[in-house]
Every structure is written in C-alpha cells, then in structure tokens.
Number of protein chains: 2
Amino acid sequence: MPQAPVAQASRKPSRIQLRNRKRILDAALEVFSAHGYRGATLDQIAAEAGLSKPNILYYFEGKQEIHVTLLNQLMHAWLAPLRAVDPDGNPLEELMTYVQRKLDMSRDLPRESRLFANEILQGAPRMAPHLESVLKPLVDETAAVIDGWIEAGRLAPVDPRHLLFSIWATTQHYADFEAQVRVLTSAQDVHDTAASHLDRMFRRLLTPDRDVI
Amino acid sequence: MPQAPVAQASRKPSRIQLRNRKRILDAALEVFSAHGYRGATLDQIAAEAGLSKPNILYYFEGKQEIHVTLLNQLMHAWLAPLRAVDPDGNPLEELMTYVQRKLDMSRDLPRESRLFANEILQGAPRMAPHLESVLKPLVDETAAVIDGWIEAGRLAPVDPRHLLFSIWATTQHYADFEAQVRVLTSAQDVHDTAASHLDRMFRRLLTPDRDVI
DNA sequence: TCGTAAGTTTACCAAATGGTAAAAAAGCGG
DNA sequence: CCGCTTTTTTACCATTTGGTAAACTTACGA
C-alpha cells in the first residue's frame with residue numbers, strides 16, 4: 001500500500017518531495033497567472049513542471065489545493081513591503097519607499113501580481129478567508145499609523161484606505177495590464193518613467209501644506 | 001434548409017433576432033465578467049439568457065464570437081468619457097471630469113470593467129487588434145492634447161500616458177478589485193469617499209505651480 | 001389559411017479535463 | 001544485496017463542454 005505524502009501531511013519531507021513540490025508550484029504559478037484558475041489545466045501544469053499528471057496528483061490532492069497553496073504562500077511575499085513600513089520612520093519617505101517597492105514588485109513578480117488579480121477579479125472565492133484574517137488586520141494597523149502621521153501634521157490629510165487602494169492600483173497596473181501598457185507605450189523605459197510619475201503623484205498628494213497654520 | 005441568421009450576417013434583423021441577440025449578450029456579459037472567458041460555459045450563458053444552448057448557437061457562431069462581439073461593442077461605451085475630453089475646455093476641469101466619469105462607470109458598469117480586466121490580464125488574446133486600432137490612436141491624440149496644455153502652462157508637467165494609466169488604474173480598481181475593497185472598507189459610501197480622494201489626488205498632481213516663474 | 005422561412009428543441013458527439021487504480025520502477029537503510 | 005518504502009508510469013474513467021444534425025414548431029406575408 002503506497003503512502004501518498006499528501007495523505008500524511010506530517011513527517012519531514014524528502015529531498016525529492018521538496019524539489020518536486022517546488023517544481024509544481026513554479027509551473028502552476030506560470031500557468032494559473034497566464035490563464036486564470038479555470039483556464040489552467042493540470043496537463044499544462046504537468047508539462048511545464050516536467051512531470052506526469054498523476055505524479056502531480058501524488059503531491060497535491062487536486063487542482064484546487066495547488067491553487068490555494070500558491071495563493072497562501074505568495075501572500076506573505078506580497079505583503080512584505082507593507083509590513084516594512086516603519087511607524088517610527090519619516091512618514092513621507094516611508095510611503096514613497098512603499099510605492100517604489102510595490103512598483104518594483106510589479107516588474108519583478110508580474111506573475112504573482114496577475115495571479116492575485118485573477119483571484120480577486122473572480123470574487124476571491126478561494127482567498128476570502130485569507131483576505132479577512134491576514135490582509136484586513138494589516139491594513140487596519142497601517143491605516144492607524146497613517147492617521148497618526150496625519151494628526152501629527154507630518155502628512156497631508158488623506159483617507160488611508162483609499163491611499164492604499166491608489167498605490168496598489170497604480171503600481172500593479174503595470175503588471176496586470178501589461179498587455180495594454182505595451183500597446184500604448186513605445187519607450188523601453190516604462191518602469192523608470194512610471195517610477196518618476198508615481199513618485200511625483202504621491203509626493204504631491206502626501207506632502208503637507210506648509211503655509212497653512 | 002433553414003437559414004441561420006449567423007450565416008447571412010446581412011439583411012435587416014427581425015424583432016426576435018434583435019431581442020434574443022440582446023438577451024444573449026446581456027447573459028454573456030454577466031457570465032464572462034464573473035468567470036473569465038474559459039471559466040464561462042455556454043450552458044451558463046444559455047441558462048442566464050433563458051434560451052437553449054443550440055438556440056444560442058443559432059444566433060452566434062460560437063463562444064468566441066459572443067465574447068468578441070461583447071468586447072467590441074463595449075469598447076465604444078468604455079471609451080466615451082475619454083472622447084468627451086474637450087481640447088478647448090479648461091484643462092484641469094476636463095481631466096477632473098474625466099476622472100469622475102470613469103469612477104462613475106466603475107460603480108455603474110462593474111461587469112464591463114471586469115470583462116475588460118479579464119481580457120487584458122490574459123494578454124488580450126482576443127482584443128489586441130482593437131487595442132491597436134481603436135485605443136492607441138485615441139490615446140495618442142489625447143496625449144498630444146495634454147502635452148499641449150502642459151506647454152501652455154495650464155497644467156503641471158506630467159507624462160500623459162502614465163497619467164491615463166493612473167486614472168484608469170485607480171478608478172477601475174473599485175470595480176475590478178471590489179471583492180477586496182469590500183473586505184477592507186466598512187463604510188457604505190465607498191464611492192463618495194473614493195470620489196473625493198481621487199479628486200484631491202489628481203487635482204494636486206495636475207494643478208500647475210503658480211509661484212514658479 | 002396556407003406555405004415558406006425563421007426560430008427552437010431533442011438527441012447526439014468528439015474532445016478535453018480532473019481524477020483514479022494499480023503495476024512498475026527507483027531509493028534507501030540495514 | 002535484500003526488502004521495504006517512496007516515487008513514477010500506464011491505462012483508464014466519468015463528467016463537462018463546445019458544437020452539430022435534423023426534426024419540429026412558430027411567425028408571417030400573400
């Protein structure tokens with residue numbers, strides 16, 4: 001009776017197990033981000049991973065488990081720049097650094113960005129719990145920090161949540177809507193021009209007015 | 001030999017034809033925007049439209065034709081606010097009006113927004129020609145108008161294309177990422193607070209500095 | 001009201017797809 | 001080198017899905 005490692009999710013995983021699970025998740029990221037959950041097939045993932053379909057199902061219980069594993073795993077990396085915002089730092093520079101980090105992620109991890117975008121677009125059917133339990137508390141916390149900065153007069157008044165939405169939207173746009181951006185921009189330095197545009201935009205938004213009391 | 005209306009795409013369409021094609025496109029918008037192209041099935045569309053699947057294929061050649069028809073048809077409505085920008089109007093107010101119209105569309109036509117987002121996310125496989133032939137010229141034109149305004153000193157210097165990206169990203173975010181927005185905002189007046197946030201943000205970005213020469 | 005064209009339904013089909021059973025092969029500790 | 005476990009492959013399967021053929025029904029102009 002061969003024991004599927006999937007059945008006994010405990011015990012130290014073997015080297016082969018570690019390597020193949022990684023291969024599968026890499027392949028799945030590629031395929032899911034390009035075609036969405038339902039547009040992706042196990043055959044595609046298997047081909048991309050260089051494994052057979054049944055072999056993939058030896059490591060994961062099914063398509064859905066691969067997807068959920070990916071999403072949960074990426075959530076951490078995805079939110080790292082937000083966690084890195086330092087409540088004790090310079091408010092304006094902390095937020096501008098956050099903007100740039102998010103923009104860099106759009107360039108360096110476009111597949112991850114599209115994977116999340118796809119999931120949210122469909123109503124976050126497989127990620128709603130995580131949004132509630134992981135993202136929401138972090139956002140609440142950050143919003144409180146920003147509100148504190150504003151009350152201290154170190155930042156122009158702004159709705160913290162809408163500010164975050166605007167940062168996410170504008171930075172992730174370059175990954176999620178890349179097909180459109182590519183059609184509309186001839187220049188090769190899209191990232192750099194975007195960086196200076198966003199820096200200007202958010203700096204203007206957030207810099208407190210000095211002449212007013 | 002029954003003539004499929006699909007075969008002879010000419011001649012004046014009957015009332016029934018008009019009504020049913022509309023029903024099908026309405027249903028398809030609902031289903032495609034919720035599940036993406038590959039996630040949507042003809043059976044779902046048929047059920048939503050209150051017609052049988054073969055009946056649907058009597059009016060459209062196939063799933064793809066329904067999708068392409070939808071996209072092309074919506075493109076016009078979608079770009080209307082951009083076309084409405086008046087080169088002879090007040091630059092700042094023209095653009096702020098554009099922002100508000102786009103935000104209103106996110107609230108009033110979220111399905112259309114998600115349909116486009118889905119298509120672009122997957123690399124615009126079925127809409128690339130339209131992006132090139134319809135969107136690009138319009139954007140080039142608008143960019144020229146904005147550049148003119150900037151040169152005339154009536155607008156703060158900004159990259160016109162990145163400005164448009166930022167407007168699209170921030171406004172459509174409320175439709176495309178609604179599932180996330182809903183988790184993170186408790187208030188009922190999301191639209192109104194978003195409106196004032198975006199007004200402030202883009203007004204600050206675009207208002208020319210007066211004290212500099 | 002009758003005949004023809006338009007519209008609809010029933011009954012299918014082939015391919016794709018997520019998944020399984022079980023045998024075969026490869027690893028590996030002793 | 002042996003025996004046992006882990007890993008991989010081969011051969012399937014049931015369901016879903018886009019699509020078709022052809023019979024049947026309805027609309028409508030003469």
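As a basis for the values below, the full set of heavy atoms in this structure was taken, side chains included, without hydrogen atoms, waters or symmetry mates. All of these numbers come straight from a predicted model, not from anything done at the bench. Below, chains carry the letters A, B, ... as their sequence lines are ordered, and counting in each starts from 1.
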B:R23 side-chain N/O to C:dG7 phosphate OP1/OP2 under 4.0 Å: no
Polar pair under 3.5 Å, donor/acceptor by atom type, side chain B:K63, base D:dG19: no
D:dT8 phosphate, OP1 or OP2, under 4.0 Å from A:S52 side-chain N/O: no
Any A:N20 side-chain nitrogen or oxygen under 4.0 Å from OP1 or OP2 of D:dT8: yes
Rounded interatomic separation in angstrom, taking CD1 from A:I56 and C1' from D:dT9: 14 Å
Nucleotide of D:dA11, D:dT7, C:dT8 approaching B:N55 most closely (side-chain heavy atoms): C:dT8
Test of ring centre spacing under 6.0 Å for B:H197 and B:F202: no
A:R15 side-chain proximity, nearest of C:dC28, C:dT10, D:dA27: C:dC28
Sugar-phosphate, base or nothing in reach of A:A46, heavy atoms under 4.0 Å: nothing
B:D104 side chain to B:H191 side chain, donor-acceptor N/O pair below 3.5 angstrom: yes
N/O (side chain, B:Q17) to phosphate O (OP1/OP2, C:dA6) under 4.0 Å: no
Distance flag, aromatic centroids of A:Y37 and B:H35, threshold under 6.0 Å: no
Presence of A:R38 side-chain N/O under 4.0 Å of C:dT17 phosphate oxygens OP1/OP2: no
Atom-to-atom span, OH of A:Y58 to C1' of C:dA22 - whole angstrom: 14 Å
Any A:R19 side-chain nitrogen or oxygen under 4.0 Å from OP1 or OP2 of D:dT6: no
Closest listed nucleotide, where the reference is the side chain of A:L42 and the choices are D:dA21, C:dG18, C:dG7: C:dG18
